[in-house]
Amino acid sequence: MATSVSIIGAGLGGLTLARILHLHDIPATVYEAEKSAGVRTQGGQLDLHEEDGQLALEMAGLTEEYRSIIHRGGGARRVVDEQGRVVVDRPDDGSLARPETLRGDIRRILLESLPPGTVRWDKKLVSATPLGNGRHQVSFSDGSSAVSDVLVGADGVWSKVRPLLSDERPVYSGMSYVDTYLHDVGTAHPRVAGLVGNGALYALVPGKGLLAHREAGDVVHTYAVLHRPVEWFDAIDFTDAPAAKARIAAEFDGWAPELLSLITDGESAPVLRSIYELPDDHRWDRVPGVTLLGDAAHATVPGGDGANLAMLDGAELGTAIAAHPDDIEQALADHESRMFPRSRQAAADAHRTIDVIFGAHAPAGVISLFSEDESTSA
């Protein structure tokens, strides 16, 4: 058995892997570039699916902890037109098939499940150098380094581990998200609170839209989604929050004031999230001692599966290593043979989802989808 597993990245996938390895008494160290667990918010809500994200937490022995952090009622869905008129209003059905939970809370329960010292913070990977026989030296920006017998890149779209396996580089998908937040919405923004309701709000036209989520803590988190060239966003100074919000809001000129206020009234600066992706069928030949999971392996457009797949990748990789402690190459090959077809299908599905939401017939696709769900659950 290898004496050290080095996991680059303390996202959901990397932490799930570390947890599974811990359950099997296999030592692992997670190296994370961020300075601490609380240095930034971890994004919005996730709906973990029974077949992947929830399954991964079950494999990790964390189902009870997960159910304690679910945002009950957060599964409601509402579609409105540009003037804020409700077109579809689907309540939360109480199902636990895909409940909403804050990404930061999921990360917290994973971190709390690991022995102290498992995660090494403020370790930004600079390089990973093969040493032969599957071993690698990983070097960090603080001048420190470590040698791993098994190296796992769980470090996202811009993975520094990926070049050991693949020459592919992410390309801009043509779309970007701009995140804004409204706090204390029940008191400070009652009209917005009434418009969004208890779950998710969709206001869409072809090529753009507003997706807002009512999150725990009386927060509305909005994604303004625009299909624009990356240069268009580069021309906006996001350090000038009022000007940036005004520029993004201008793309929704003529929409209802309550919808525009999702952008303009945010108490924090807007955050640009440009979406980059790898080829749908991204894969590589087996390289001794190293593999990838999550966005490092299969970044694609947001289709609702990214975090779920990363967690299942981590859970299955950990299980494979535990099943083949004396044959790591077999474990890594098993992991990749399961991950490649799954991620290819998920990427194709994600592109179809984006077309349904933002394509030429928007919002008809989402209206039809939610209406069908209503009739099915009736």
*Can you check whether Leu48's main-chain N or O pairs, donor with acceptor, with Gln54's side chain at less than 3.5 Å?*
yes
*Looking at residues at least two apart in the chain, or sitting in another chain, which of them share a side chain to side chain donor-acceptor pair (under 3.5 Å) with Asp295?*
none
*Test side chain to side chain donor-acceptor pair (under 3.5 Å) applied to Glu168 - qualifying residues, sequence neighbours left out*: none
*Check: Tyr66 and Pro99 side chains under 4.5 Å, non-hydrogen atoms*: yes
_Nearest 0.5 Å, please: how far is OG in Ser159 from CG in Leu165?_
8.5 Å
*asked:* Run the side chain to side chain donor-acceptor pair (under 3.5 Å) test against Asp81 and tell me which residues pass, sequence neighbours left out.
replied: Arg85
*Is a side-chain N or O of Thr264 found less than 3.5 angstrom from the main chain of Leu260, in a donor-acceptor match?*
yes
_Polar side chain donor-acceptor pair, Ser274 to Ser176, under 3.5 angstrom_ = yes
*Roughly how far apart are Ile248 CD1 and Phe238 CZ, rounded to 0.5 Å?*
4.5 Å
*Report yes if some heavy atom in the side chain of Arg103 is under 4.5 Å from a heavy atom in the side chain of Leu12; otherwise report no.*
yes
*Does the side-chain contact (heavy atoms from CB on, under 4.5 Å) test come out yes or no for Ser343 and His282, once each step is laid out?*
CA-CA 9 Å; Ser343 61; His282 183 232; over 6 Å; no
*asked:* I'd like to know if the side chain of Glu267 reaches the main chain of His183, judged simply by a donor and an acceptor atom lying under 3.5 Å from each other, with no hydrogens or angles considered.
replied: yes
*Name all pairs fulfilling the side chain to side chain donor-acceptor pair (under 3.5 Å) condition that reach into residues 195-214, sequence neighbours left out, sorted by first residue then second.*
Arg214-Asp218
*Would a distance-only check, ignoring hydrogens and angles, find a side-chain to backbone donor-acceptor pair under 3.5 Å from Glu32 to Ala10?*
yes
*Nearest atoms (heavy-atom pairs only) where Leu102 meets Ala216*: CD1-CB, 4.3 Å
_Of all pairs that satisfy side chain to side chain donor-acceptor pair (under 3.5 Å), the ones with a partner from residues 20-29, not counting sequence neighbours_ = none
*According to the salt bridge (charged side-chain N to carboxylate O under 4.0 Å, His left out) rule, which pairs have a member within residues 348-361, sequence neighbours left out?*
Asp349-Arg352
_Non-hydrogen atoms of Ala56 and Leu312 that approach each other most closely_ = CB-N, 3.9 Å
*So do the side chains of Leu195 and Leu201 get within less than 4.5 Å of each other, counting heavy atoms only?*
yes
*Look at the side chain of Asn308 and the backbone N and O of His49, then say whether any donor-acceptor pair between them is shorter than 3.5 Å.*
yes
*Looking only at heavy atoms, which two atoms of Ala28 and Leu21 are closest? And how far apart?*
CB-CD1, 3.7 Å
*Beyond-backbone contact of Asp92 with Glu100, side-chain heavy atoms, under 4.5 angstrom*: no
*Does the side chain of Gln330 come under 3.5 Å of the side chain of His324 through a donor N or O and an acceptor N or O?*
no
*Please walk me through it: do Val150 and Ser6 pass side-chain contact (heavy atoms from CB on, under 4.5 Å)?*
CA-CA 6 Å; Val150 182; Ser6 297; over 6 Å; no
*Might you work through the side-chain contact (heavy atoms from CB on, under 4.5 Å) test for Tyr181 and Val220, ending with a clear yes or no?*
CA-CA 6 Å; Tyr181 289 86; Val220 168; over 6 Å; no
_Can you tell me how far apart CG (Leu110) and OG1 (Thr118) are? Round to the nearest 0.5 Å._
12.0 Å
_Rounded at 0.5 Å granularity, tell me how far NE2 in His136 sits from OG in Ser148._
6.5 Å
_Summary of salt bridge (charged side-chain N to carboxylate O under 4.0 Å, His left out) pairs that have at least one residue in residues 310-325, sequence neighbours excluded_ = Asp313-Arg342, Glu316-Arg338, Glu316-Arg342
*asked:* Quick test of your reading: applying salt bridge (charged side-chain N to carboxylate O under 4.0 Å, His left out), list the pairs with at least one residue in residues 119-144, sequence neighbours left out, ordered by first then second residue.
replied: Lys35-Asp122, Lys123-Asp142, Arg135-Asp149
*Give a yes or no answer on whether the side chain of Ser337 reaches the backbone of Asp334 with a donor-acceptor pair at less than 3.5 Å.*
yes
*Would you find a donor on one side and an acceptor on the other, under 3.5 Å apart, between the side chain of Thr180 and the backbone of Gly266?*
no
*Side-chain donor-acceptor pair present, His71, Gln45, cut-off under 3.5 Å*: yes
*Minimal non-hydrogen separation, Ala350 against Thr300, with atom names*: CB-CG2, 4.1 Å
*Starting at OG1 of Thr129, measure out to CG of Leu131 and round the result to the nearest 0.5 Å.*
7.0 Å
*Side chains of Leu292 and Val152: closer than 4.5 Å at any heavy-atom pair?*
no
*Just checking, is any N or O donor in the side chain of Thr101 or Asp105 under 3.5 Å from an acceptor N or O on the other one?*
no
_Looking only at side-chain N and O atoms, does His351 offer a donor or acceptor that is under 3.5 Å from a partner on Glu277?_
yes
*What do you reckon, is CG of Asp237 surrounded by more than 12 foreign heavy atoms closer than 6.0 Å?*
yes
_Gap between atom CG of Leu278 and atom OG of Ser173 - 0.5 Å precision_ = 11.5 Å
_With heavy-atom distances below 4.5 Å as the criterion, would you say the side chains of Ser368 and His361 are in contact?_
no
*If you take all heavy atoms of Leu111 and Ala37, which pair is closest and at what distance?*
CD1-CB, 3.9 Å
*Verify side-chain contact (heavy atoms from CB on, under 4.5 Å) between Val80 and Val87, making sure each step is shown before the conclusion.*
CA-CA 5 Å; Val80 301; Val87 180; 5.6 Å; no
*Applying ring-ring contact (aromatic ring centres under 6.0 Å, His included), name anything that partners Trp158, two or more places apart in sequence or on another chain.*
Tyr276
*Lys160 vs Asp155, salt bridge (Lys or Arg N to Asp or Glu O under 4.0 Å): CA-CA, chis, key distance, verdict*: CA-CA 7 Å; Lys160 293 289 184 62; Asp155 49 341; over 6 Å; no
*Would you call Arg78 and Phe370 a side-chain contact if the rule is heavy atoms closer than 4.5 Å?*
no
*Apply side chain to side chain contact (heavy atoms under 4.5 Å, CB included) to Thr319 and list each qualifying residue two or more places apart in sequence or on a separate chain.*
Ile20, Met59
_For the student: nearest non-hydrogen atoms of Ser261 and Val192, plus distance_ = OG-CG2, 3.2 Å
_Sequence neighbours excluded, every pair satisfying salt bridge (charged side-chain N to carboxylate O under 4.0 Å, His left out) that has a member inside residues 44-66_ = Glu51-Arg98
*Can any side-chain N or O of Arg286 pair as donor or acceptor with the backbone N or O of Val290 at less than 3.5 Å?*
yes
*Report whether Val225 and Leu182 are members of the same hydrophobic cluster (ILVMFWY, side-chain heavy atoms less than 4.5 Å apart, transitive linking).*
no
*Does the side chain of Leu226 come within less than 4.5 Å of Phe252's, by heavy atoms?*
yes
*Identify, with sequence neighbours excluded, every residue that meets side chain to side chain donor-acceptor pair (under 3.5 Å) alongside Trp255.*
none
